[in-house]
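The structure under discussion appears below in the form of structure tokens.
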Amino acid sequence: MRGAVIHAPGDIRFETLQDPKILKPTDAIIRTAVTCVCGSDLWPYRGAEPTDHAHPMGHEYVGFVEEVGSEVTAVKPGQLVVGSFATSDNTCSNCRNGFQSSCLNVEFMTTCQADYVRIPNAQGTLVATDGVPDEKFWPGLLAVSDVMGTGWWAAEAAEVKPGSTAVVVGDGAVGLCAVIAAKERGAERIIAMSRHDSRQKLAREFGATDIVTERGEEGAARIKELTGGIGADSVLECVGTQQSMSQALHSTRPGGNVGFVGVPHEVGIDGQELFFSHVGLRGGPAPVRRYLPDLIDRVLTGAIDPGKVFDLTLPLDQVAEGYQAMDERRAIKTLLTP
């Protein structure tokens, strides 16, 4: 088969790889229908995460089941399935508590920008659609496998409630999906922090009521100004830098909550400052599997359309251009078709 391999920062190659095989009775093999490049893939691409050796890339997927292990009964060959970037047995204590991304048997997907993919923990991870939906829904279903599920987790962790004010820090695909989530959870006012016209437009389409272009302390001050000097009820941090975290914490009212889902890079939090702020803080890898049935239904019924975050579609063999376009901010998110 063919797939994307990173060799060094800025060096993505499309290469011939070994076909995946069933290694455990809990595995499944899928044929990729659509996959994509994630904003978090840009961390190693930009050198912010080390690449010590060449390795495959990708953790978002929708595909057709080709083969299943002997213990997999939840899905069968021929079905279109959606899964999470974090695989889970969906039976352990952490899974039963709703935190499948902390499953005792978790494995994180890293090989999905390819023609075929082995899915560990397939019994607990994969959710089949009812028949094969029209291809117009595939981008939305792909978004559900990570960025929409992660945006939903940001809103839940930040405790977005009906009638509340929510702020979204970050205008990438996760941030834009977080706007959708905040709206779906009933926020009355949704403030998107963005400096890019095309992303601002999409944020408004998804439900943002206000746009703030300032960043850092200026951005936090602007949020305070818009909220009567108090701060927002809920702030959804969807970037993962020191500036974005500080901006989120300083934009939140006492008693409010920050949901942080941007993978942290060199982020430090002052314990004393957090202590006196009365701000709640929760985040981590999104338990996407918990949300899959609901979010799949919302996509297929037309309630949400997170597939709009894909503003560049390329054949899989042009994956390197997909990375470059996102790195240069010429694209929000690149969809790849085998």
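Sequential numbering from 1 along the given sequence is applied to the chain's residues.
- Identified under the side-chain hydrogen bond (donor to acceptor under 3.5 Å, both in side chains) test for residues 15-25, with sequence neighbours left out: H7-E15.
- Grouping Ile, Leu, Val, Met, Phe, Trp and Tyr by side-chain contacts under 4.5 Å, direct or through others, leaves L23 on its own.
- F14 meets the ring-ring contact (aromatic ring centres under 6.0 Å, His included) test with no other residue; sequence neighbours excluded.
- Every pair tested for salt bridge (charged side-chain N to carboxylate O under 4.0 Å, His left out) that includes a residue from residues 120-144 fails, sequence neighbours excluded, so the list is empty.
- Shown here are the side-chain hydrogen bond (donor to acceptor under 3.5 Å, both in side chains) partners of S251, two or more places apart in sequence or in another chain: there are none.
- Each salt bridge (charged side-chain N to carboxylate O under 4.0 Å, His left out) pair with one or both residues in residues 58-84, not counting sequence neighbours, appears once here: R31-E66, E60-K333.
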Show me the side-chain donor-acceptor pairs of residues 274-285 shorter than 3.5 Å, one per line, residues at least two apart or across chains.
residue, atom, partner, partner atom, Å
S277, OG, L274, O, 2.8
S277, OG, V279, N, 3.1

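- Sorted by first and then second residue, the salt bridge (charged side-chain N to carboxylate O under 4.0 Å, His left out) pairs involving residues 225-236 (not counting sequence neighbours) are R222-E225, D233-R253.
- Scored by the side chain to side chain contact (heavy atoms under 4.5 Å, CB included) test, T91 finds D89 as partners (sequence neighbours excluded).
- Evaluation of the ring pair (Phe, Tyr, Trp, His ring centres under 6.0 Å) test over residues 192-233, restricted to residues two or more places apart or in two chains, returns none.
- Note on residues 308-338: pairs passing ring pair (Phe, Tyr, Trp, His ring centres under 6.0 Å), not counting sequence neighbours, are Y45-Y323.
- Sequence neighbours left out, the pairs with a member in residues 24-43 that pass ring pair (Phe, Tyr, Trp, His ring centres under 6.0 Å) are W43-H265.
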